[in-house]
Amino acid sequence: MITLYCARWVLPISSPAIADGAIAVEDQRIISVAGRVVLAKQFPHVTVRDLGESAIIPGLINTHSHLELTAMRGFLENEETDFFAWLKKLTMARLERMTSEDLRVSAAWGACEAVRSGVTCFADASDSAGESMSALRDVGLRGIVFQESFGPDPRLAKENFEKLKTKVARLREHETNLVKCGVSPHAPYTVCAPQLRMISKFALDEGLPVMMHAAETTMEVSLIRDGCGPFADGLRNRGLEWQAPGVSPIQYLNDHGVLQTRPLLAHCIHVDDADIETLKQTETRVAHCPKSNSKLGHGMAPFRKLLQKGIDVGLGSESVASNNTCDLLEEARFALLISRLGSAASHPARLITADEVLRTATLGGARALGLEGQVGELREGCQADFAVISLDGAHQLPSYNPATTLIFSSSARDVTLTVVAGREVFRDRSVNTVDEQRLRARMNEIVEKLKG
């Protein structure tokens with residue numbers, strides 16, 4: 001069955017915007033994109049969805065999240081000025097107060113929030129990847145869930161690696177056309193060098209995508225470059241010897257084979273020109289998380305430089321424990337605005353535009369996940385992953401350009417329809433795939449456990 005979705009604007013991203021446009025969808029794929037009149041003549045006897053004063057855009061792609069931590073939204077505010085304490089409280093609460101079922105509910109609630117905001121695809125990092133994969137499947141989203149691996153002690157590297165292999169084998173049994181698994185050595189300060197090398201080789205041998213946190217904090221830089229700071233002290237307090245290699249986090253990962261996997265690196269705040277050149281040469285992708293970076297006081301990634309260098313960059317929300325929302329339109333606006341601070345302001349011609357940041361949130365995300373040609377654009381043959389955003393709010397009118405209205409005036413609250421692989425998963429202000437009221441009740445129970 002063919003359905004024609006018509007709106008005031010269609011923004012294919014990989015081609016110019018279409019006024020009074022439409023997309024034709026058959027089963028899971030887009031079969032045509034053009035003006036409404038053209039497609040109405042081409043497909044005269046089909047179901048027509050008139051979406052009025054709206055914009056149809058490719059589904060937004062969240063390139064870095066931790067859905068299982070959705071229950072910790074607002075839970076860590078008092079620790080924001082001490083990232084070491086922030087990580088410790090998060091880890092202890094997750095391990096000691098949340099069951100596997102709690103984590104699945106938390107992930108599903110986060111997925112509901114995402115689909116309400118026009119997100120159709122995730123790159124989600126999880127220590128309980130099976131629960132996050134289940135959540136994505138239940139809600140009807142597309143994504144890659146990266147099973148995290150930890151282990152700063154080189155003596156336990158082999159044991160930790162074997163545990164990861166066992167987990168991945170189980171996850172692969174539950175992959176679907178929409179939901180796949182990958183691997184994530186968590187960060188340079190939580191995974192020792194031998195374990196990094198083993199995971200990288202394993203990913204290359206098995207064709208697994210890799211995601212990792214990198215160059216996120218000055219503490220990480222101090223650990224790797226100088227062998228000092230809170231992370232270095234933490235290792236010593238656990239009786240672990242650390243010999244600083246004296247390089248940047250990016251060069252460290254390159255030295256230990258991680259960049260050979262063409263990974264997706266989250267954050268990349270503390271990178272210099274040499275690091276950016278290394279990212280480009282190794283075809284490493286970047287998940288830019290500007291709101292989380294700013295909220296935790298970690299700094300500002302060189303978003304404009306990364307784009308100018310031709311590095312594939314997508315936008316990520318991080319966990320809502322450090323954001324506190326999964327709203328990629330807001331993330332895009334924030335990314336654009338802070339990129340214009342400082343030196344960029346003295347070079348107006350180099351300012352990032354609304355079109356560029358919207359492209360980053362869609363096609364950029366697809367390329368960062370290796371899904372280009374499938375999602376991230378509205379084009380014949382692509383998967384029918386798209387979002388519809390109302391443009392008739394008081395906060396949006398008048399609208400002279402759809403892209404600028406979307407980026408500067410719109411938010412998740414303006415999304416009216418989200419479609420994944422041709423399936424309407426959010427419509428009429430309701431997620432159609434799960435019982436949101438039951439999830440809401442369970443989330444309230446989990447909150448009480450965390451508070452206790």
Whether over 12 other heavy atoms sit under 6.0 Å from [X] [atom1]:
X: Arg236; atom1: CZ; value: yes
X: Arg155; atom1: CZ; value: no
X: Asn444; atom1: CG; value: yes
X: Arg172; atom1: CZ; value: yes
X: Arg137; atom1: CZ; value: yes

Any chance you could measure [X], atom [atom1], to [Y], atom [atom2], to the nearest 0.5 Å?
X: Leu265; Y: His213; atom1: CG; atom2: NE2; result: 10.5 Å
X: Phe386; Y: Leu378; atom1: CZ; atom2: CG; result: 8.0 Å
X: Arg350; Y: Ser339; atom1: CZ; atom2: OG; result: 13.0 Å
X: Cys382; Y: Ile30; atom1: SG; atom2: CD1; result: 6.0 Å
X: Arg359; Y: Ile57; atom1: CZ; atom2: CD1; result: 14.0 Å
X: Leu60; Y: Cys326; atom1: CG; atom2: SG; result: 9.0 Å

**Report entry** side-chain contact (heavy atoms from CB on, under 4.5 Å) assessment of Ile23 paired with Val25
**Finding:** CA-CA 6 Å; Ile23 63 173; Val25 174; 4.1 Å; yes
Report task. With Ile389 as reference, evaluate Leu417, Val415, Leu11 under the side chain to side chain contact (heavy atoms under 4.5 Å, CB included) test and give the passing residue. Result -> Val415
Heavy-atom closest contact ([X] atom, [Y] atom, distance):
X: Ile250; Y: Leu259; result: O-CD1, 3.9 Å
X: Val258; Y: Ser200; result: CA-OG, 3.3 Å
X: Pro302; Y: Ile276; result: CG-CD1, 4.1 Å
X: Val139; Y: Cys112; result: CG2-SG, 4.2 Å
X: Leu178; Y: Val420; result: CD1-CG1, 4.3 Å
X: Ser317; Y: Asn323; result: O-ND2, 2.7 Å

[Y]/[X] salt bridge by N-O under 4.0 Å criterion:
X: Glu448; Y: Lys451; result: yes
X: Lys201; Y: Asp205; result: yes
X: Asp102; Y: Arg442; result: yes
X: Arg367; Y: Glu372; result: no

Report summary line: Residues at least two apart in sequence or cross-chain that pass ring-ring contact (aromatic ring centres under 6.0 Å, His included) with Phe303, listed by chain then number, are His288
Query raised in the report: Do the side chains of Leu67 and Phe122 get nearer than 4.5 Å, heavy atoms only?
Result: yes
Query raised in the report: Does any non-hydrogen side-chain atom of Leu69 lie less than 4.5 Å from one of Val320?
Result: no
When you measure from the side chain of [X] to the backbone N and O of [Y], does any donor-acceptor pair fall under 3.5 Å?
X: Glu436; Y: Val431; result: yes
X: Arg285; Y: Arg262; result: yes
X: His270; Y: Pro249; result: no
X: Thr362; Y: Pro58; result: no
X: Asp327; Y: Ala412; result: yes
X: Arg104; Y: Gly130; result: no
X: Thr176; Y: Val179; result: yes
X: Asn160; Y: Leu156; result: yes
X: Asn293; Y: Gly299; result: no
X: Arg73; Y: Asn324; result: yes

Donor on one side chain, acceptor on other, [X] and [Y], under 3.5 Å:
X: Tyr252; Y: Glu220; result: no
X: Glu377; Y: Ser14; result: yes
X: Lys163; Y: Ser149; result: no
X: Ser65; Y: Asp124; result: yes
X: Asp275; Y: Gln251; result: yes
X: Ser126; Y: Glu131; result: no
X: Thr418; Y: Arg427; result: no

**Report entry** Trace of the side-chain hydrogen bond (donor to acceptor under 3.5 Å, both in side chains) decision for Arg142 with Gln383
**Finding:** CA-CA 11 Å; Arg142 186 185 305 276; Gln383 287 283 301; 2.9 Å; yes
Requested in this report: Please step through salt bridge (charged side-chain N to carboxylate O under 4.0 Å, His left out) for the pair Lys89 and Glu79, ending with a clear verdict.
Outcome: CA-CA 8 Å; Lys89 182 177 179 180; Glu79 287 72 32; 3.4 Å; yes
Query raised in the report: Relative to each other, are the rings of His64 and His267 parallel, tilted or perpendicular (30° and 60° limits)?
Result: perpendicular
Requested in this report: Classify the ring geometry between His186 and Tyr189 as parallel (under 30°), tilted (30 to 60°) or perpendicular (over 60°).
Outcome: perpendicular
Query - Matching residue for Asp273 among Lys305, Lys280, Lys309 - test: salt bridge (Lys or Arg N to Asp or Glu O under 4.0 Å) - result: Lys305
Query raised in the report: Would Asp127 and Arg94 count as a salt bridge (charged side-chain N to carboxylate O under 4.0 Å, His left out) if you check the C-alpha gap in whole Å, the side-chain angles of each, and the deciding distance to 0.1 Å?
Result: CA-CA 10 Å; Asp127 192 33; Arg94 185 194 170 285; 3.6 Å; yes
Requested in this report: Apply side-chain contact (heavy atoms from CB on, under 4.5 Å) to the pair Val388 and Tyr5, showing each step before the final yes or no.
Outcome: CA-CA 10 Å; Val388 177; Tyr5 292 88; 5.6 Å; no
Report task. Could you check Lys167 against Glu148 for salt bridge (charged side-chain N to carboxylate O under 4.0 Å, His left out), going step by step and ending with a plain yes or no? Result -> CA-CA 10 Å; Lys167 290 178 180 179; Glu148 291 182 315; over 6 Å; no
Query raised in the report: Is there a side-chain contact (heavy atoms from CB on, under 4.5 Å) between Glu162 and Lys165 once you walk through the steps?
Result: CA-CA 5 Å; Glu162 292 299 328; Lys165 287 172 60 179; 3.8 Å; yes
Query raised in the report: Where do Lys449 and Glu445 land on the salt bridge (charged side-chain N to carboxylate O under 4.0 Å, His left out) test, with the steps shown first?
Result: CA-CA 7 Å; Lys449 290 171 66 174; Glu445 293 173 1; over 6 Å; no
